[in-house]
Structures are given as C-alpha cells and as structure tokens.
Amino acid sequence: MRLSQLFIPTMREVPAEAEIPSHILMLKAALMRKLASGVYIYLPLGKRVLKKIEEIVREEMDRAGAQEVLMSAIIPAELLKESGRWDVFGPEMFKLKDRNDREFCLGPTHEEVFTDLIRNDVKSYRQLPLTIYQIQTKYRDERRPRFGVMRSREFIMKDAYSFDVDWDGLDVSFDKMYDAYCRIFDRCGLKYTVVEADTGAMGGKDSKEFMVTSNVGEAVIAYCDNCGYAANEEKAECTVQNTINEEMRSVEKIYTPNVKTIDELVSHLNVDAEKFVKTLIYKYKDKVVAVLIRGDREVNPVKLANLLNVTENDVELADEKTVKEVTSADVGFAGPIGLKGDVMLIADAEIPAMRNVIVGANETDYHLKNVNYGRDFKADVVSDVRKVVDGDKCPKCGSPLKLDRGIEVGHIFKLGTKYSDALGANYIDENGNEKPIIMGCYGIGLNRIAAAAIEQNHDDKGIIWPMSIAPYHVIVVPVNVSNEAQRDLAEKLYDELSKAGIEVLIDDRDLRAGVKFNDADLLGIPIRITVGKKAEDKIVELKLRREEKPIELKHDEVLNKVKELISENIRS
RNA sequence: CGGGGUGUAGCGCAGUUGGUAGCGCACGUGCUUUGGGAGCAUGGGGUCGGGGGUUCGAGUCCCUCCACCCCGACCA
C-alpha cells in the first residue's frame, strides 16, 4: 500500500481528550477516531490490527475445537428476563423497542442466547461436549467510559461457551480454553498474569482472569513471587497477619468530642490506626449489617456481598438515619457493643486476634478502649472481608504478597448450571435421565488487546507493534522521491516485497525525510527500509522499530532478510 | 449518579472594561529546499456547542439545555 493513497490522517499534536499512551497513540497514529463518548470508529490501519488479533483468536479457538457461530447483537428482553439479568444489568444495557413496543437490548454478553440455542437443539448426551464461540460487537452503557478503547461502550469481544454432560467434562473444556488463551496472548506479544477472580454476577465456580500487566490498568492484582499464587483484588484471600497476646485490660469509656474518623482518632489519642476497630453499618435488601474491621483496613465489598449471598449492587453503606437508629449515636461513634435492632454483626478475620482495641461506644462523643473479642462482644460471623494490602502474607505459602495493576483482557468461568437451570437447558443421559447441561464461558476483549499491546510496546515516538499484530510488517522509505535512483530502487523493492506476499507500505509522499521517519516511528511498523544516498550503489538501510541502529544491506539481500525477520517474530 | 472542568477553523490554543474573531500547526497554489516534523510568498476555511434573554451592539453578561473530559462511585 502507498502512503500517498492510504487514508491515514496522523496527528502532530496530542488530542486533549486522551490521557494514557494507548489512547493518545491510537488517535495520533490514525488507528481510530471517536464518534461519541465510549464509541470509536476504526480507520484502515486500526481495522487491520483488529483483523490480525481476530485471526489469531480464531485460529486458536478452532485449534481448541471450538466452532464459530454468529449471534445477533440484538437480544429480545424475554430471554434476559428469563434468567433474571434484565434487572441485574439494568441501566448498563442499551435498551430499545421495536414498532410494536417489544423490548430488546443491544447484547452486553450472550449467555442467554447461546443457552437458548442449545436448549432447543441439543437433547442428547451424544451431542455433547460442544464449545461454540463468536466474535461480535458488545454494548454496555458504562457509567464512565474512559481511556479510549480500554473502557468503551461498544467493543468487540470473542465469547465462547462450552456445554458438557458433567463437571469433569467442564474441567476438560475449561482447560482447553485456558491453554488456547495462553497461546493467544503469547502470540499477541503480551506479558500477562493469570489470576483467580471472583465470579460476581456471572455466577459459577472457578474463574480466572488474564491480566496484562500495566500501570494504567484499572484492576489491582495480588501475586506471590514465591509460590505463584495470583488473584485479583476482589478475590485475593487475606490471612490474619499477627496475633497479639496481650493481657486483656478492663474496658474504659473515653471522651472523644467530635472525633469521628480514624484519622482524627489517631491524632487525638496518639494511638496507631491498627489499634482501632472500625464499625461500618451497611444496608442490603432492607437489612442492616455491621462490619468490624481493623482501623487501617478497607472493606472488600465483593467479599461482603458474597458472604451475604447477594450481589455487590445490593450492598451499600447505610444512610445517616439508619446509622443513628442502630447505634443511638451520630455517625462516627458506631461500635460492636450495644447495637440496637436486628443487626447482623460481621467481624473481619483479623478481629479475634486483636487485643485491647478502641471502638466506638454507640454514644455520641465517646469511644471505648481495651475492648476484646470474646470477652466483650461476639460476632455472628467471623470471615475475611477486607482488601489485601501490599506485603500481606500469601494465603498459600506465607511469603509477602505484592500488588500490581493489570488490564483485564480475558476472563474464563466455570458457570455450571446457572443458565441451564434458569432456561431449562437439559439433555438426556445414556440412562434416559434428564440432566442440566454444565456450562463454561470464556471472553476476550479484542480492542483491549490492541490497546494493551500499545501500552506494553511504545516509546516517546510512537507505537512499537509486535510483528504478529502489526498492521503492516515493512515500510519502505525513499528519503527523497525526487531523486530518481532512490525512487526507482524503493519502488523496485516495494514491488518485490509485495509480490513475495509481504505486507508492505511505501512512503512515496513528497515529504521531507524527517516527517516520514517520524510517521514511520509513530505507526510502529516493525521493519523500516530506508532508501537513501547509497541507492546508486544498490545499498539500503534496514532498521527495526524496536532497535536503535540500522544495518546496511545490498538490494538483493533485502527480501530474504525481511522474510527471516518476520518468521522469527511470528509464532503460530 | 455525586464533585470539578472545558466547549472559538481538522488539531492545539488566545481573545482585555461588551464594539462584529485571531495565533501556531495542518490544508490549497507558486518558487526554493530534501537523512529526523523546511523557508518565503499567497490563498481558503468559523451558525464562537444549541436555544432563549439583557443591550444600539454579545465569543464576552444572565437563564437554560446539550456534548465532552477529569476525580470518585460503579463495572461478566
């Protein structure tokens, strides 16, 4: 392709709306443009990158025995109402009505549609196992789209669903997908970590996320260098860090006028935050629960929701009125002793291991010190409900955990029977018994892969595409197109490379060398061939985008060298 | 959804006490130039986010709506 003809409106200045490198570079390098908040259109180069990623995903899905189908982006409301998710997703869905006032939504995910297909057309164990997938646009009306394609409202996803006769079968299907995912991300040139994840509103059992490590990632992951344990922040198990064996002292009431927050208490009493226990009042489904947690810790809302057997959306901090009713005091003085009404008391796992702590007195302007679990109060439930912190002991081996940020590019679940039960997707086993089909589901965000790849592969000049997903492999740059020798040699090379099936660009624009080099760097084409002063002697330069120094090559050596470089850098 | 901010040429921005809109880059044309974002000359491009109001006169003041961005909340 000729740059003089390619629709590639690169930008010299940084668009004000973009903050992170991938977003900036995708706009600058003319991969995409924004149409509306969280909605992007892809230009020729961006489209090629997506195609490359799509092809890798497709090859690996097919290799793993999955079969491609294509659902509709439009889903009738009744299907999602059948599973209950019409309300679970709620405002996250783009909803629409047809002329007869029938409700639909633009699919945020497709479990129900796939399950519906299977319940109609799969009846016997003889038809199982089966894994089918699609590559399709999904729609989620995110509250806050951001970071370009990283969190957009329209995005391309590969979603696969496995159907098995039993849990052992699911394990096999799941492991195949797991392996396929590793191959996909390896081939895309991404550095990633697989972490244990919470299943959340999706339901199901085992769940793993594929996280591309990046400091712009929105997810926090905890991992252990020693034993390999890794989990996302929501899931990461917390252990009791240290057990204090002080002698229990007697409870004292202390006057703490208008001292409400842990920070204020720390400076008022000159005692470390870890000697306090916070009492947080939450509401869920018209019930009230009090959560006790060490002063310097944070509650993990996912763990709390799971413990209460509700979704995260159902749990929220109680309003002031409720807090006053339950604690008989202003907000800021809640404690475990003397709560009124039907309040479940949950203590974080660390609480029983603490001694002589300070808690709210359930009386405005007072706290209690030397309070001890077991002697002074007992919780209805003791469970891990806090967020991990850097340095926590690994739940598997006890070494210190580290925290990092990641971009979630893939997520695989063992769903089990959640949707087959809800929609009645059953099969007849060899004994004639009707049983629910055991399902798994597996998602990959394709545009996110592109953005994540840029996050991990760029410098201050632009993108540095991994060979496997680069829009083109080679760019031929004649330094001066009005120099006949340079132009002719460049054209000849372009022609030879094209005929050999190489994906090659030629920058035949009548521009200064600096502009062309800067564009080539911005675009991130892996191999640049510069045809300059030595064109008369049939000598050109070959420079890798990733490397600093070029090498000189004779004209007739170029094709083989290029072929070699490409095949070295693409795994299949 | 709460808090903050911004809307002026394709991009980045300026616009004073209210007086009829400008700069850089980009774009067209001509000449010169040609190994890391050239120079000179010349030209085109604007419902100043929309609507309403105040005023002789509004990019500027007031009201209102909208869009977009950031922080938070939220997120299979």
Side-chain angles (χ1 to χ4, degrees), chain A residues 9-20 23-24 27-28 30 33-39 80 83 85 88-93 107-112 138-148 150-153 155 157 159-161 197-204 207-209 218-219 232-234 301-302 305 311-317 408 410-415 418-419 439-445 460-462 477-483 486-487 507 509-522 528 530-535 540-541 543 548 550:
Chain A
T10 57
M11 297 196 279
R12 188 171 288 196
E13 291 186 79
V14 180
E17 69 189 47
E19 288 222 316
I20 61 169
H23 189 192
I24 292 170
L27 292 170
K28 277 189 82 175
R33 289 290 182 258
K34 185 176 72 186
L35 219 209
S37 178
V39 181
L80 286 164
S83 71
R85 288 210 298 177
V88 172
F89 274 108
E92 286 259 315
M93 286 190 301
T109 175
H110 280 73
E111 282 76 12
E112 287 84 353
K138 306 282 187 212
Y139 297 87
R140 288 183 200 180
D141 194 358
E142 293 282 349
R143 283 170 198 198
R144 175 132 111 97
R146 65 178 134 176
F147 298 149
M150 210 69 97
R151 175 162 301 279
S152 52
R153 296 195 293 174
F155 55 97
M157 181 161 145
D159 49 326
Y161 304 83
D198 188 77
T199 49
M202 283 298 302
S207 163
K208 289 187 189 299
E209 287 174 342
E218 293 189 80
N232 71 12
E233 188 184 34
E234 293 157 358
V302 173
T311 68
E312 203 187 336
N313 286 337
D314 296 328
V315 183
E316 57 179 7
L317 274 170
E408 182 191 343
H411 199 164
I412 59 180
F413 287 81
K414 291 182 184 171
L415 284 176
K418 174 167 172 154
Y419 295 95
M439 291 174 58
C441 84
Y442 316 90
I444 288 185
D460 53 348
K461 289 179 173 155
V477 181
V479 169
N480 182 351
V481 289
S482 43
N483 175 302
Q486 291 183 23
R487 191 187 59 222
D507 195 345
R509 299 173 301 177
D510 185 10
L511 293 173
R512 327 199 100 226
V515 177
K516 296 193 194 183
F517 290 151
N518 281 317
D519 264 352
D521 288 346
L522 210 213
R528 186 181 85 196
T530 311
V531 183
K533 284 179 181 130
K534 295 187 180 169
V540 300
E541 276 170 23
K543 183 185 164 301
E548 202 50 50

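Chain letters run A, B, ... following the sequence lines, proteins first and then strands; every chain starts at 1.
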Check whether any side-chain heavy atom of [X] sits under 4.5 Å from a side-chain heavy atom of [Y], and report yes or no.
X: A/R528; Y: A/D521; result: yes
X: A/R151; Y: A/R144; result: no
X: A/L27; Y: A/M11; result: yes
X: A/E92; Y: A/E142; result: yes
X: A/E408; Y: A/N232; result: no

Please work out if [X] contacts a base, only the sugar-phosphate, or nothing of the nucleic acid, heavy-atom cut-off 4.0 Å.
X: A/A197; result: nothing
X: A/K533; result: base
X: A/S482; result: base
X: A/N483; result: nothing
X: A/P108; result: base
X: A/G532; result: base
X: A/E218; result: nothing

Mind checking the [atom1] distance from [N] to [M]? Whole angstroms is fine.
N: B/G59; M: B/A21; atom1: C1'; value: 8 Å
N: B/C11; M: B/G49; atom1: P; value: 14 Å
N: B/G15; M: B/C48; atom1: C1'; value: 11 Å
N: B/G43; M: B/G7; atom1: C1'; value: 29 Å
N: B/U20; M: B/U60; atom1: C1'; value: 12 Å
N: B/C65; M: B/G28; atom1: C1'; value: 39 Å
N: B/C1; M: B/G44; atom1: P; value: 47 Å
N: B/G46; M: B/C63; atom1: P; value: 31 Å

TODO: Indicate the atoms forming the closest heavy-atom contact of A/P145 with A/S37, along with that distance.
DONE: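 Smallest interatomic distance, heavy atoms only, reads CG-OG, 3.6 Å.
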- [ ] Identify the heavy atoms of A/K28 and A/P15 that sit nearest to each other, and give their distance.
- [x]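 Reported closest heavy-atom pair: CG-CD, 4.1 Å.
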State which of [options] makes the closest approach to the side chain of [X].
X: A/E142; options: B/C75, B/G72, B/U34; value: B/C75
X: A/S37; options: B/C68, B/C70, B/C75; value: B/C68
X: A/R146; options: B/C71, B/G35, B/G36; value: B/C71
X: A/R512; options: B/U33, B/C74, B/G36; value: B/U33
X: A/K34; options: B/A38, B/C68, B/C75; value: B/C68

What is the distance, to the nearest angstrom, from the [atom1] atom on [X] to the [atom2] atom on [N]?
X: A/R143; N: B/G2; atom1: CZ; atom2: C1'; answer: 12 Å
X: A/D510; N: B/U29; atom1: CG; atom2: C1'; answer: 15 Å
X: A/R509; N: B/A26; atom1: CZ; atom2: P; answer: 13 Å
X: A/K543; N: B/G36; atom1: NZ; atom2: C1'; answer: 11 Å
X: A/F517; N: B/U34; atom1: CZ; atom2: P; answer: 15 Å
X: A/L511; N: B/C25; atom1: CG; atom2: P; answer: 16 Å
X: A/F147; N: B/C68; atom1: CZ; atom2: P; answer: 17 Å
X: A/E92; N: B/A73; atom1: CD; atom2: P; answer: 16 Å

Open item on the list: I'd like to know if the side chain of A/Q486 reaches the main chain of A/N480, judged simply by a donor and an acceptor atom lying under 3.5 Å from each other, with no hydrogens or angles considered.
Closed with: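 Flag set: sc A/Q486 to bb A/N480 pair under 3.5 Å.
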- [ ] Without swapping roles, check the side chain of A/K516 against the backbone of A/P478 for a donor-acceptor pair under 3.5 Å.
- [x]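 Yes; at least one donor-acceptor contact below 3.5 Å.
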TODO: Could I get the full list of ring pair (Phe, Tyr, Trp, His ring centres under 6.0 Å) partners for A/Y161, not counting sequence neighbours?
DONE: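 A/Y161: ring pair (Phe, Tyr, Trp, His ring centres under 6.0 Å) contacts with A/F114.
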Task: Toward the 5' end of RNA chain B, by each residue's nearest nucleotide, A/R528 or A/I444 - done: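 Mapping each residue to its closest nucleotide by heavy atoms, the 5'-most match is A/R528.
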- [ ] Answer yes or no: does atom NZ of A/K534 have more than 12 heavy-atom neighbours from other residues, nucleotides or ligands under 6.0 Å?
- [x]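 At most 12 heavy atoms, drawn from other residues, nucleotides or ligands, come within 6.0 Å of this atom.
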TODO: Dump the intermediate steps for salt bridge (charged side-chain N to carboxylate O under 4.0 Å, His left out) on A/R85 and A/E111, then the final yes or no.
DONE: CA-CA 10 Å; A/R85 288 210 298 177; A/E111 282 76 12; 2.7 Å; yes
Task: Intra- and interstrand pairs of RNA chain B - dot-bracket, Watson-Crick/G-U under 3.5 Å, | marks other strand - done: (((((((..((((.....[..)))).((((((.....)))))).....(((((..]....))))))))))))....
Just the table, please: protein N/O against nucleotides 8-11 of chain B N/O, every pair under 3.5 Å.
unit_1	atom_1	unit_2	atom_2	d
B/C11	O2	A/E13	OE2	3.0

Open item on the list: What I want to check is whether an N or O donor and acceptor connect the side chain of A/N480 with the base of B/G35 at under 3.5 Å.
Closed with: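 Result: no qualifying N/O pair found.
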